2 protein chains.
Amino acid sequence: MNNKRSEVSGAVIRRLPRYYRCLLRLEEQGTVKISSRELARIMDLTASQIRQDLNCFGGFGQQGYGYSVSALKEEIARILGLDGRKKMILLGAGNLGKAIVGSLDFEGSGFDLMAIFDTNEWVVGSEIREYPVISTDKLEDFCHEHHPEAAILCIPQEGAELLVPQLVELGVRSFLNFSHYDIDIEFSNVAVENVYIADSLMTLSYRAAALEEEQE
Amino acid sequence: MNNKRSEVSGAVIRRLPRYYRCLLRLEEQGTVKISSRELARIMDLTASQIRQDLNCFGGFGQQGYGYSVSALKEEIARILGLDGRKKMILLGAGNLGKAIVGSLDFEGSGFDLMAIFDTNEWVVGSEIREYPVISTDKLEDFCHEHHPEAAILCIPQEGAELLVPQLVELGVRSFLNFSHYDIDIEFSNVAVENVYIADSLMTLSYRAAALEEEQE
DNA sequence: TAGATTGTTAATCGATTAACAATC
DNA sequence: TAGATTGTTAATCGATTAACAATC
């Protein structure tokens with residue numbers, strides 16, 4: 001890898017999953033090679049941008065030929081760290097937690113989901129997919145025993161405020177955060193990806209208003 | 001409003017919901033006025049950036065004083081279109097659909113959720129919160145009668161591929177899209193906000209790998 | 001070899017930051 | 001009036017686009 005990962009700009013990082021998804025689809029369709037020009041057309045980017053983005057990490061193409069779809073897909077998987085197997089837990093077995101467990105494929109995601117934690121005694125002891133639902137009372141013991149490095153937070157803000165400091169203390173360093181608790185402001189040296197679904201609805205509202213404005 | 005909404009850069013648009021959230025919190029805490037300097041500190045931005053962002057839409061501050069928290073909050077709500085009441089439907093009463101309905105507050109969101117559609121006859125006829133679950137067979141009739149303008153898609157890609165063209169035909173113009181179907185590539189003149197939760201997990205994987213790299 | 005397409009350097013564009021005059 | 005802080009213009013920085021030499 002040419003660059004340190006931390007030196008790559010946020011704009012490039014956020015495009016990497018899109019590249020990965022697109023290449024996966026192309027591979028499934030049986031496409032063997034692709035030029036930056038053609039990939040740009042599909043993804044609505046410019047060929048220059050694609051070549052610049054990829055060359056942050058190394059020269060994966062072949063001059064005069066283009067890029068091998070499967071090789072490039074593998075390179076991006078490696079860049080994203082999808083070849084890792086970080087132990088992960090999920091907090092909150094409500095609808096959102098169940099939706100995440102049900103729809104995300106943890107296989108080849110870089111993470112290995114171990115268990116789901118919830119306070120509701122009615123769901124504790126059951127399983128969601130193949131994953132056991134454990135009482136949040138046992139969270140500390142579990143962490144001491146298994147040392148998870150990552151957590152998905154499908155709990156409300158108050159729950160997160162309470163549990164995150166404990167989790168950080170126990171060694172959890174990566175958070176996919178659906179709670180509205182500002183982890184990244186409270187802690188440094190953690191990797192946080194915030195998902196604010198309510199913000200997306202507001203952005204949609206803006207875009208809808210802009211569309212109407214256009215058509216007046 | 002100084003600018004047309006469509007002329008404002010994407011970077012600014014994506015910050016608007018953050019401003020709104022922050023101001024809402026400040027208002028709840030009883031803060032009456034705030035300077036760009038102090039708001040910048042809280043939100044980890046620069047004072048210049050905040051003043052530039054806000055002046056895309058108009059001069060909401062008072063020189064020598066700062067900004068009125070509640071007035072600015074109201075202005076941003078109006079810019080985001082949260083004062084509107086666009087009729088909205090939600091497709092897919094699975095865990096994700098239930099999570100959305102359960103966690104988002106549609107009051108003051110710019111949208112008015114009318115009904116939830118699903119194909120599963122076991123849930124059709126029931127209610128989630130106060131919203132009725134209707135058979136997808138009745139979707140067309142419903143649209144003819146009520147003319148919803150917006151939809152949240154909590155259905156898989158194949159379902160979206162089938163239903164979106166129909167919805168666009170029936171007049172739906174805004175989509176909060178959790179399916180992996182590329183609406184914006186297939187249709188123009190629609191407002192689309194895509195949420196790719198799987199991409200967030202990949203981005204987290206990247207950031208976790210970057211963090212490890214740092215600490216070696 | 002000729003054609004195609006990359007990797008990379010240079011030019012352009014846009015967004016962020018700094019500075020300061022206007023003004024409350 | 002003096003102090004504070006905005007709105008706005010100018011400077012800087014970073015990201016995107018264009019160009020082209022390298023090379024498969």
Side-chain angles (χ1 to χ4, degrees), chain A residues 1-16 18-19 22-23 26 31-76 79 203 206, chain B residues 1-16 18-19 22-23 26 31-76 79 203 206:
Chain A
M1 226 174 270
N2 283 356
N3 251 312
K4 280 199 192 145
R5 269 187 263 237
S6 56
E7 284 165 357
V8 175
S9 82
V12 174
I13 296 170
R14 275 186 300 278
R15 279 194 291 272
L16 291 175
R18 281 191 65 207
Y19 287 126
C22 187
L23 290 163
L26 284 166
T31 309
V32 173
K33 76 121 193 170
I34 193 151
S35 67
S36 55
R37 193 160 182 274
E38 178 63 7
L39 190 60
R41 197 190 54 75
I42 295 171
M43 294 183 67
D44 198 22
L45 299 171
T46 66
S48 274
Q49 189 169 38
I50 290 176
R51 295 204 298 276
Q52 287 277 27
D53 283 358
L54 298 178
N55 282 96
C56 289
F57 304 100
F60 304 133
Q62 199 177 349
Q63 277 150 330
Y65 174 82
Y67 298 87
S68 151
V69 169
S70 65
L72 185 56
K73 189 208 69 177
E74 284 309 317
E75 288 291 354
I76 292 178
I79 293 162
T203 306
Y206 182 93
Chain B
M1 223 173 273
N2 282 356
N3 251 312
K4 280 201 193 142
R5 269 187 263 238
S6 56
E7 282 164 358
V8 175
S9 82
V12 175
I13 296 170
R14 275 186 298 279
R15 278 194 293 271
L16 290 174
R18 281 190 66 206
Y19 287 125
C22 188
L23 289 163
L26 284 166
T31 309
V32 172
K33 76 122 194 168
I34 194 151
S35 66
S36 55
R37 194 160 180 274
E38 178 61 6
L39 191 59
R41 198 191 53 75
I42 297 172
M43 294 184 66
D44 198 24
L45 299 171
T46 67
S48 274
Q49 188 169 38
I50 290 176
R51 294 203 299 276
Q52 288 276 26
D53 282 0
L54 297 178
N55 283 97
C56 290
F57 304 102
F60 304 133
Q62 200 177 346
Q63 277 151 332
Y65 174 80
Y67 298 86
S68 150
V69 170
S70 65
L72 186 56
K73 190 207 73 178
E74 285 308 317
E75 288 292 352
I76 292 178
I79 293 162
T203 306
Y206 182 93

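Naming convention: chains lettered A, B, ... in sequence-line order (proteins, then strands); numbering from 1 in each chain. In this text, all values refer to a predicted model and were calculated from it rather than measured experimentally.
Positionally, the nearest nucleotide of DNA chain D for B:G66 lies more toward the 5' end than for the other of A:Q49 and B:G66. Between A:V12 and A:R51, the residue whose closest nucleotide on DNA chain D is further toward the 5' end is A:V12.
For B:L45 and C:dT17, the CG to P distance is 8 Å, given to the nearest whole Å. Atom CD of A:Q62 is separated from atom C1' of D:dC24 by 6 Å (rounded to the nearest Å). Note: CZ (B:F57) to C1' (D:dT8) measures 17 Å, nearest angstrom. What separates CG of A:N55 from P of D:dA22 is a distance of 16 Å, to the nearest Å. Following rounding to the nearest Å, B:D53 (CG) and C:dG14 (P) show an atom-to-atom distance of 17 Å. Between the CD1 atom of A:I34 and the P atom of C:dA4 there is a distance of 17 Å, rounded to whole Å. Between the P atom of D:dT16 and the CZ atom of A:R14 lies a distance of 10 Å, rounded to the nearest Å. Between the CD1 atom of B:I50 and the C1' atom of C:dA15 there is a distance of 15 Å, given to the nearest Å.
Side-chain N/O atoms of A:S48 and base N/O atoms of D:dA18 include a donor-acceptor pair closer than 3.5 Å. For A:Q52 and C:dT6, a side-chain-to-base donor-acceptor distance below 3.5 Å is absent, hydrogens and geometry of angles not being considered.
Listed pair A:R15 / D:dT16 meets the phosphate criterion, a side-chain N or O lying under 4.0 Å from OP1 or OP2. For the pair B:Y67 and D:dG7, the criterion of a side-chain N or O lying under 4.0 Å from OP1 or OP2 is met. A:Q63 has no side-chain polar atom (N or O) that falls below the 4.0 Å cut-off from OP1 or OP2 of D:dA22. Residue A:S36 has no polar side-chain atom (N or O) positioned under 4.0 Å from OP1 or OP2 of C:dT5.
By the 4.5 Å heavy-atom criterion applied to side chains, A:L45 and A:R15 are counted as neighbours. Counting heavy atoms from C-beta on, the side chains of A:V32 and A:V69 never come closer than 4.5 Å. Between A:L16 and A:V8 the shortest side-chain heavy-atom distance does not fall below 4.5 Å.
Partner assigned to C:dA19 is D:dT8, using Watson-Crick or G-U wobble distances below 3.5 angstrom. The partner of D:dC13 is C:dG14, by the rule that a Watson-Crick or G-U pair needs both atom distances under 3.5 Å.
Listed nucleotides C:dT17, C:dT5, D:dT5 differ in distance to B:S35; the shortest reach to its side chain belongs to D:dT5.
At least one test fails for B:K33 against the ring of B:Y67: distance under 6.0 Å to the centre or angle within 45° of the axis.
Across all their heavy atoms, A:N55 and A:R51 have their closest contact at OD1-O, 2.7 Å.
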